[in-house]
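Take a look at the structure below.
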Amino acid sequence: ETGVTQTPRHLVMGMTNKKSLKCEQHLGHNAMYWYKQSAKKPLELMFVYNFKEQTENNSVPSRFSPECPNSSHLFLHLHTLQPEDSALYLCASSQRWDSQDSPLHFGNGTRLTVT
Amino acid sequence: RKEVEQDPGPFNVPEGATVAFNCTYSNSASQSFFWYRQDCRKEPKLLMSVYSSGNEDGRFTAQLNRASQYISLLIRDSKLSDSATYLCVGGSDGQNFVFGPGTRLSVLP
């Protein structure tokens with residue numbers, strides 16, 4: 001397997017559920033990201049991990065909890081979400097977080113629906 | 001927050017046409033510029049990086065104009081398969097790559 005893989009592809013959850021999104025990158029990159037993409041809005045950065053240390057938390061509500069056990073894996077734990085959290089959640093990785101020559105490579109995303 | 005603006009379109013063009021998109025950015029200190037392509041309900045995929053000297057890849061040409069703070073994407077000889085949303089990255093704000101909202105392109109037979 002190559003690239004950035006995310007599971008699950010689709011997730012429907014109730015507001016009281018707890019679920020987790022998983023991301024794995026096989027590119028040897030050092031930085032991993034969670035982005036949220038809502039309809040008709042630009043991509044919004046949620047979290048950044050650089051060498052598995054969280055370096056940015058973009059004012060994300062605590063009902064979203066990231067975890068990065070190593071440079072290749074990233075999780076997003078979800079609990080007590082709201083219907084407005086329904087969106088496409090994209091994981092990405094890059095070789096470095098601060099270089100023009102280090103673009104983001106995205107996973108195929110998890111389409112989340114909160115009912 | 002540093003913003004990036006794009007015309008959302010849609011741009012409807014016939015096959016074989018040449019089409020150009022612009023994207024303006026507000027952070028004059030920006031260093032990172034890219035174009036991504038996103039198909040419906042799929043993830044964004046890197047199309048090309050954008051450098052001050054310009055960048056060409058087959059039918060696609062990207063330019064950066066630092067003085068006017070915009071980047072452009074030119075697509076020549078459009079194909080049906082070019083239909084997608086094109087996202088620009090106009091620099092970074094800390095570790096946050098700043099994405100535009102995207103421009104939708106439909107290439108018509």
Side-chain angles (χ1 to χ4, degrees), chain A residues 2-7 9-10 21 23 25 27 29-51 53-60 87-113, chain B residues 1-10 23-27 29-55 57 60 62 64 66 71 73 84-104:
Chain A
T2 58
V4 182
T5 56
Q6 284 184 247
T7 55
R9 294 293 303 275
H10 301 273
L21 310 185
C23 176
Q25 60 98 0
L27 299 169
H29 287 168
N30 298 311
M32 295 189 77
Y33 309 73
W34 280 115
Y35 277 86
K36 175 183 178 182
Q37 189 175 38
S38 304
K40 302 197 186 303
K41 285 188 178 180
L43 280 160
E44 300 171 55
L45 178 68
M46 299 176 74
F47 302 104
V48 182
Y49 279 83
N50 193 37
F51 290 97
E53 296 295 323
Q54 185 173 319
T55 51
E56 187 145 339
N57 174 341
N58 215 28
S59 303
V60 179
L88 179 66
Y89 289 84
L90 290 158
C91 174
S93 70
S94 66
Q95 179 61 36
R96 291 172 55 187
W97 56 265
D98 61 350
S99 170
Q100 158 68 8
D101 296 317
S102 183
L104 297 171
H105 294 261
F106 287 92
N108 46 21
T110 295
R111 188 158 299 276
L112 173 67
T113 303
Chain B
R1 176 175 166 83
K2 311 299 182 184
E3 299 295 335
V4 172
E5 296 184 347
Q6 291 182 255
D7 182 340
C23 165
T24 59
Y25 62 93
S26 61
N27 183 1
S30 293
Q31 297 295 323
S32 305
F33 304 93
F34 306 98
W35 281 102
Y36 282 79
R37 171 203 168 117
Q38 186 171 24
D39 293 291
C40 188
R41 305 183 75 80
K42 296 282 185 71
E43 75 276 19
K45 293 189 176 174
L46 180 66
L47 186 63
M48 56 202 310
S49 301
V50 188
Y51 302 104
S52 296
S53 55
N55 192 14
D57 183 4
F60 297 83
L64 167 62
R66 284 194 181 275
I71 64 174
L73 178 68
T85 296
Y86 290 83
L87 308 175
C88 75
V89 175
S92 60
D93 176 11
Q95 296 178 56
N96 183 11
F97 286 100
V98 186
F99 282 82
T103 296
R104 199 152 61 92

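Labels below follow one simple rule: chain letters A, B, ... track the order of the sequence lines, proteins then strands, and each chain is numbered from 1.
Distance check: Phe106(A) CZ to Tyr36(B) OH gives 5.5 Å after rounding to the nearest 0.5 Å.
Interface remark: Gln37(A) contributes side-chain atoms only to the contact with chain B (heavy atom separation under 4.5 Å). For Glu5(B), no part lies under 4.5 angstrom from a heavy atom of chain A.
In terms of heavy-atom proximity, Phe34(B) sits nearest to Pro103(A) at CE2-CB, 3.5 Å. When every heavy atom of Glu43(B) is checked against every heavy atom of Asn108(A), the shortest pair comes out as OE1-CA, 3.5 Å.
Here Arg111(A) is the residue among Gln6(A), Lys41(A), Arg111(A) with the most heavy-atom pairs under 4.5 Å with chain B. Counting heavy-atom pairs closer than 4.5 Å to chain A, the top residue among Pro101(B), Gly102(B), Pro44(B), Gly100(B) is Pro44(B).
Residues satisfying the salt bridge (charged side-chain N to carboxylate O under 4.0 Å, His left out) test with Asp39(B), not counting sequence neighbours, are Arg37(B).
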Take Gln38(B) and Leu43(A) through the test side chain to side chain contact (heavy atoms under 4.5 Å, CB included) and record every step on the way to the result.
CA-CA 12 Å; Gln38(B) 186 171 24; Leu43(A) 280 160; 5.7 Å; no
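For CZ of Arg104(B), the number of neighbouring non-hydrogen atoms (other residues, nucleotides, ligands) closer than 6.0 Å is 12 at most.
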